[in-house]
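These values consider heavy atoms only, across backbone and side chains, with no hydrogens, waters or symmetry-generated copies. Keep in mind that this is a model prediction, so the values were computed, not measured. Residues: numbered from 1 along the sequence shown.
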Amino acid sequence: MTHRSLSRRSVLASGATALGVSLAGCSGGGGGGGSGPTVGILEDRSGNFQLNGTSKWQATRLAIEEINENGGLLGEEIEIVDPDPQSDNSRYQELTERLILQDEVDALWAGYSSATREAIRPIINENEQLYFYTTQYEGGVCDNTIFPVGATARQQLGIVTPYLADEFGEDIYIIAADYNFGQLSGDWVNVLAQENDYNIVGEEYIPLDETDFSSVINRIQDEDPDFIMSMLVGANHENFYDQRATNDLESIPIGTSTAMAQGHEHIRYDPPALTNVYAGVSYMEELGDLREGENFVEDFYERWPDANYLNQEAQNNYFSVYLWADAVEEAGTFDQQEVISVLEAGRDVSAPSGDLTLDGATHHMEHEMRVARADENHDISFTNNERIDPSFLREEVEGGDGCDLREEDKTTQYVPSDVYDV
């Protein structure tokens, strides 16, 4: 069921409770003069990634408001600092410094793209800032204070690529965004091909500002693959799906780690643009809430009745706020290093997407993954559920010793070529 069929009740009379007014640019409790904890939210509400970032911001605020309505944390109300970074990495860097040094946030949620994460990561590292990165991403970040809680490419592509090869054949055409996320995701498809004897018959990396895919579509048609693996991102790249439909390409299935679960193209685009698109996902709004007695989707739209979609990353923001809050409660303090120590002991998480586990050694999640398929009417069905751990960091890097941040401080991003011949 999509959000368009949900009952949208009016916002609670209390509105956003004490957090209803955005505190962008104002001092919060951590170091700006107040007595309580402060969290920073830097999620895109304008610019190229606003479609993905807005629901991340909304879900983060929802979780914090819920906690405050239930008495706050350690008896204190959580304050928010949440200026709009506007999908601008230079602005992200400026705001990250300001939130850490001026507002002294106790935890930070920031950024959609991997390019953004890498733009601010040196600032995060220098200041040892507790940071939750919630976008599904290429994987490999082994970093002392960063918790990349979204599904990795190894998890997402690892569920959908073998499924499509079993269903349709083993000839694959790769199209991906031409920056670190897309390039490394393409490497992961190559790794999966090597492991399973699939054939890569074409491989293209598309600039983020590209909107015309006619030549790409022509080359795909010439190669006639069994399926396409697409790791396109952002508003410009969405044009591929409409152009695919107008060029009669929907007969070739598409596997993806980016479409539908993030930008809800299956709702925004008219059929048949997303027909036979298969996404490896940890969550989509259509799953609802798998926790007994809870209704995350309804709660989200009650708080944000004009929201566009509750995407995969928004769910990650939501559960990771509670993950942080539970660790604070156990630590009995907002001290970031002590909270990190609690998190590194590993934690079970009851999330709308199911029961998850934080792997303390790698700071990543074991996710319940599934394949989501859009049919000719863009209705979504799910199949092939499988719990997948962050195996690349846990077992494959460092000659099999893995990344263990409990034993050794690191600020490294491992890539597939560190282990595989890609």
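Salt-bridge annotation for Arg117 and Glu138: present, with a side-chain N of the basic residue lying under 4.0 Å from a carboxylate O of the acidic one. Electrostatic pairing of Glu66 and Arg303 does not count as a salt bridge here, judged by no charged N lying under 4.0 Å from a carboxylate O. The pair Arg121-Asp143 meets the salt-bridge criterion, since a charged nitrogen lies less than 4.0 angstrom from a carboxylate oxygen. Ionic pairing of Arg154 and Glu195 is present here: one or more N-O contacts between side-chain nitrogen and carboxylate oxygen are shorter than 4.0 angstrom.
The aromatic rings of Trp57 and Trp304 sit tilted relative to each other, their planes meeting at an angle between 30° and 60°. Using cut-offs of 30° and 60° for the angle between ring planes, the Tyr163 and Tyr278 rings count as tilted. Ring geometry for Phe49 against Tyr112 counts as tilted: the plane angle lies between 30° and 60°, on a 0 to 90° scale.
Residue pairs satisfying the disulfide (SG to SG under 2.5 Å) criterion with at least one member in residues 112-169, sequence neighbours excluded, are listed as follows: Cys142-Cys403. Sorted by first and then second residue, the pairs that involve residues 207-230 and meet ring-ring contact (aromatic ring centres under 6.0 Å, His included), not counting sequence neighbours, are Phe213-His237, Phe213-Phe240. Sorted by first and then second residue, the disulfide (SG to SG under 2.5 Å) pairs involving residues 232-264 (not counting sequence neighbours) form an empty list. Listed by first then second residue, pairs satisfying disulfide (SG to SG under 2.5 Å) with a partner in residues 254-303 number zero, not counting sequence neighbours.
Within a 6.0 Å sphere centred on CD of Glu126, other residues, nucleotides and ligands contribute 12 heavy atoms or fewer.
The side-chain contact (heavy atoms from CB on, under 4.5 Å) test applied to Asn127 returns Ile100, Leu101, Ile123, not counting sequence neighbours. Looking at residues two or more places apart in sequence or on another chain, you find no ring-ring contact (aromatic ring centres under 6.0 Å, His included) involving His367. Listed by chain and number, the residues in a side-chain contact (heavy atoms from CB on, under 4.5 Å) with Pro162 are Tyr198 (sequence neighbours excluded). Take Phe296 and apply the ring-ring contact (aromatic ring centres under 6.0 Å, His included) test, not counting sequence neighbours, and it matches Tyr318. Every residue two or more places apart in sequence or in another chain that forms a side-chain contact (heavy atoms from CB on, under 4.5 Å) with Leu74 is listed here: Val328, Glu329, Phe334. Every residue meeting the ring-ring contact (aromatic ring centres under 6.0 Å, His included) condition with Tyr133, not counting sequence neighbours, appears here in chain and number order: Tyr137. By the ring-ring contact (aromatic ring centres under 6.0 Å, His included) test, Tyr283 is found to be paired with no residue, residues two or more places apart in sequence or in another chain being considered.
Of the N and O atoms on the side chains of Ser87 and Asn48, not one donor lies less than 3.5 Å from an acceptor on the other residue. When only modelled atom types and interatomic distance are considered, Gln86 and Tyr92 share no side-chain donor-acceptor pair under 3.5 Å. When only modelled atom types and interatomic distance are considered, Asp84 and Gln50 share no side-chain donor-acceptor pair under 3.5 Å.
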Report, one line per pair, each donor and acceptor closer than 3.5 Å where one atom sits in a side chain of residues 177-184; sequence neighbours left out.
unit_1: Asp178; atom_1: OD1; unit_2: Gln183; atom_2: NE2; d: 2.7

